[in-house]
Amino acid sequence: MFRNNYDGDTVTFSPTGRLFQVEYALEAIKQGSVTVGLRSRKHAVLVALKRNADELSSYQRKIIRCDQHMGLALAGLAPDARVLSNYLRQQCNYARLVYNRPLAVERAGALLADKAQRNTQSYGGRPYGVGLLVVGYDNAGPHLVEFQPSGNTLELYGAAIGARSQGAKTHLERQMDEYLEVQTADELIKAGVEALRQSLKDETLTVDNLSIAVVGEDLPFTQYDGDKVQPYL
Amino acid sequence: MNHDPFSWGRPSDETYGAYNTQIAQAPSFPKMNTQQPIVTGTSVISMKYDNGVIIAADNLGSYGLLLRFTDVERLIPVGQNTVVGISGDISDMQHLEQLLDELETENQYDNSSADGAEALKPSYVFEYLATVMYNRRSKMNPLWNALIVAGLEDGKPFLRYVNLLGVTYSSPTLATGFGAHLALPLLRRVVDTEADVGKTTLETAEKTMLESMKVLYYRDARSSRKFSLAIIDNDQGLVIKKGLKVEGMAWEFAKNIRGYGTQKV
Amino acid sequence: MNTIASEYSSEKQSTPIEHSFNPYSDNGGTILGIAGEDFAVLAGDTRHTTDYSINSRYEPKVFDCGDGIVMSANGFAADGEALLKRFKNSMKWYHFDNNDKKLSMNAAARNIQHLLYGKRFFPYYVHTIIAGLDEDGKGSVFSFDPVGSYEREQCRAGGAAASLIMPFLDNQVNFKNQYVPGTDGKEKRPVKFLTVDEVIKLVRDAFTSATERHIHVGDGLEILIVTKDGVRKEYYPLKRD
């Protein structure tokens, strides 16, 4: 039987120049529930579908606030996301304390990328098994950044990660010209929820499984869960 | 057995001989830090006006009573909207200059809009310097300086002070050292409260600053005639005037002073 | 001549004589906190000094930390600012770690004790006061010494003019040395809660008087008032001489 000899660690290339462990990590993201991020010229929004292990359990946490002006949503291994969000919280904190400055989203992306990349180059470690959508509002305005375990970060107008995210992604691509010019946070959230719906299969959105977050000018990172998402269903 | 508390916890000299300080590179003296400034720069003075801020400092580096260096620049521009004026120890000032240089470089690395939206603002520069100053004093190894950060932030004048203790404060007029006693009353005569800032033009402000530099040159023995003055203005941007000289002094009276000096009474 | 045999006296002096750097200074100013029945105030003058110089006529030192807690650390201004910064930071992480739970006054006070005592051997040279509402909605004031000893009180003055204001407060807030007229000094005047307006009047009187008698107090008075509706700020000018 065929056995891959080049996927045991992250420091050995395959003869075709691939790092299999990193590619597997990318697969882990697809195991997570779908998460959508998008931004207009005024706001940035995260919309996520929460899953529960069984009927008796609570729903997972998909959105994590990192600072007044920044937060992220995850798809993949939640514990890895906690490590990364804690790191980002510390970095945001440091920027505030030492420079009296909100950490730029671009810089946050670079910090996460550097941290993830280190894992792919040291023996005995593994890449992070989680994808993140980081949104924030800094001096340059609203931003959305996608983070991947490979150490890639991309700035985007819209993104979707997680299970069946292609549906949402395609929807965002088609709708981009509209939501980019949207004026209010509310409208952008609605556009986000609509995109999220394109990635649903058996589920229906409820107050229990929908998580929303928004950030913008004069609007600190705010998260909506439970009854507060009712208006967007 | 020696029961004197002096020998508690020590290897006994009878058995091991005198303690060898060379072990573990232990120095025979404790580590010493700056306890006094060596080459110093005197006052920095500054004030807000309706469209920006002005800051000035002379170009002298004194070695005690000796006027040692006569071409020291103590106004340091950081980016396009900030100037840091530094008084006190000159070597510590040069260390701060290096830190500020690194700060600017790092910002250029980190941000694609480092010259635009993510440009360093005066309050960022100030917070960084205040953190450095307080941390150094907390290590009992201070940077022997008093600094004034002047600049424009979101169109509004910014002025704040920090010194070797990490003590910080803001006011529409600020001065370090001797200037706080000699120049500040003159500056406050023009801009006393935040409300006066809006009523003061660049012309008035600059005139007041030149007058104050003159008074400082008259009375501060460790000051020089040559000085620099920086203006950070909403319309003109950052302007640093170097090599200015105190003008229009009145020394006429000097020849009439009798009783000491070389003249015969 | 030593009576107890000791070798301390014969220890070789190997260190140079120190002219050590003094890491502290006194930046003047005074603060005052009073708790009412359903409110609390914390006031401070806005003058900032070193020695005989006025550095600034408006440098606020009473701050809203969020969660209806106001705080001021008066004395050495750099330490005061550092402590405040650390407390705000601690609060931020408390919110991260406890799902944005409100920090109670009791918890805040204990936390500040730890921040202060953590520097027991290189203290924050400040007199700290916090004010807010307790878990029953009652006004509360906590005061701390530089190394973290703390106590909940009805009122407390701190800083340069504390010794001028505190006896006035004892008399006017806790009615010390006040007796019911006609009882020949036998019956104490019963204590009662003061209203917000009465408290603000007291605070203003305390500061105008302290301004008259203390050179490090003056320029402006900033009062932060905590009620169930949030934190409100009031400013009154003081003499600038």
Notebook entry, point to check: What residues of residues 48-56 of chain B sit under 4.5 Å from chain C when you count only heavy atoms?
Noted result: none
Next item on the list: Go through the steps to decide whether B:E194 and C:R57 satisfy the test salt bridge (Lys or Arg N to Asp or Glu O under 4.0 Å), and finish with yes or no.
Entry: CA-CA 10 Å; B:E194 202 66 44; C:R57 297 192 189 278; over 6 Å; no
Checklist line | Distance-minimising heavy-atom pair for C:A78 and B:V167 | finding: CB-N, 3.7 Å
Next item on the list: Hey, could you give me the CG/CZ distance between B:D192 and C:R240, rounded to the nearest 0.5 Å?
Entry: 4.0 Å
Next item on the list: State whether the number of non-hydrogen atoms from other residues, nucleotides or ligands found under 6.0 Å of C:K201 atom NZ is greater than 12.
Entry: no
Margin query: Are B:T168 and C:H48 packed together at the side-chain level, in the sense that at least one heavy-atom pair is separated by less than 4.5 angstrom?
Written below: no
Check: Taking the side chain as C-beta and beyond, is there a heavy-atom pair between C:F21 and B:P142 under 4.5 Å?
Finding: yes
Checklist line | Residue pair B:S170 / C:E59: nearest heavy atoms and the distance that separates them | finding: N-OE1, 2.9 Å
Next item on the list: Could you tell me which portion of C:N22 (side chain, backbone, both or neither) has an atom closer than 4.5 angstrom to a non-hydrogen atom of chain B?
Entry: backbone
Note to self: Sub-4.5 Å heavy-atom contacts with chain C: which residues of residues 150-165 of chain B show up?
What the structure shows: B:R160, B:L164, B:L165
Next item on the list: Of all the heavy-atom pairs spanning B:R188 and C:I54, show the shortest one and how long it is.
Entry: NH2-O, 2.6 Å
Side chains of residues 172-184 of chain B: which donor-acceptor pairs under 3.5 Å do they make with residues two or more places apart or in other chains?
{"residue": "B:T176", "atom": "OG1", "partner": "B:V44", "partner atom": "N", "Å": "2.9"}
{"residue": "B:T176", "atom": "OG1", "partner": "B:S87", "partner atom": "OG", "Å": "3.0"}
{"residue": "B:H181", "atom": "NE2", "partner": "C:S53", "partner atom": "OG", "Å": "3.4"}

Margin query: For C:N55, which atoms come within 4.5 Å of any heavy atom of chain B: side chain, backbone, both, or neither?
Written below: both
Item checked: Toward chain C, the part of B:Y169 with a non-hydrogen atom under 4.5 Å -> both
Note to self: Less than 4.5 Å to any heavy atom of chain B: does that hold for the side chain of C:Y52, its backbone, both, or neither?
What the structure shows: neither
Check: So which residues of residues 110-126 of chain C are in contact with chain B at a heavy-atom cut-off of under 4.5 Å?
Finding: C:F122, C:Y124
Notebook entry, point to check: What heavy-atom pair brings C:D79 and B:R137 nearest, and what distance separates the two atoms?
Noted result: OD1-NH2, 3.1 Å
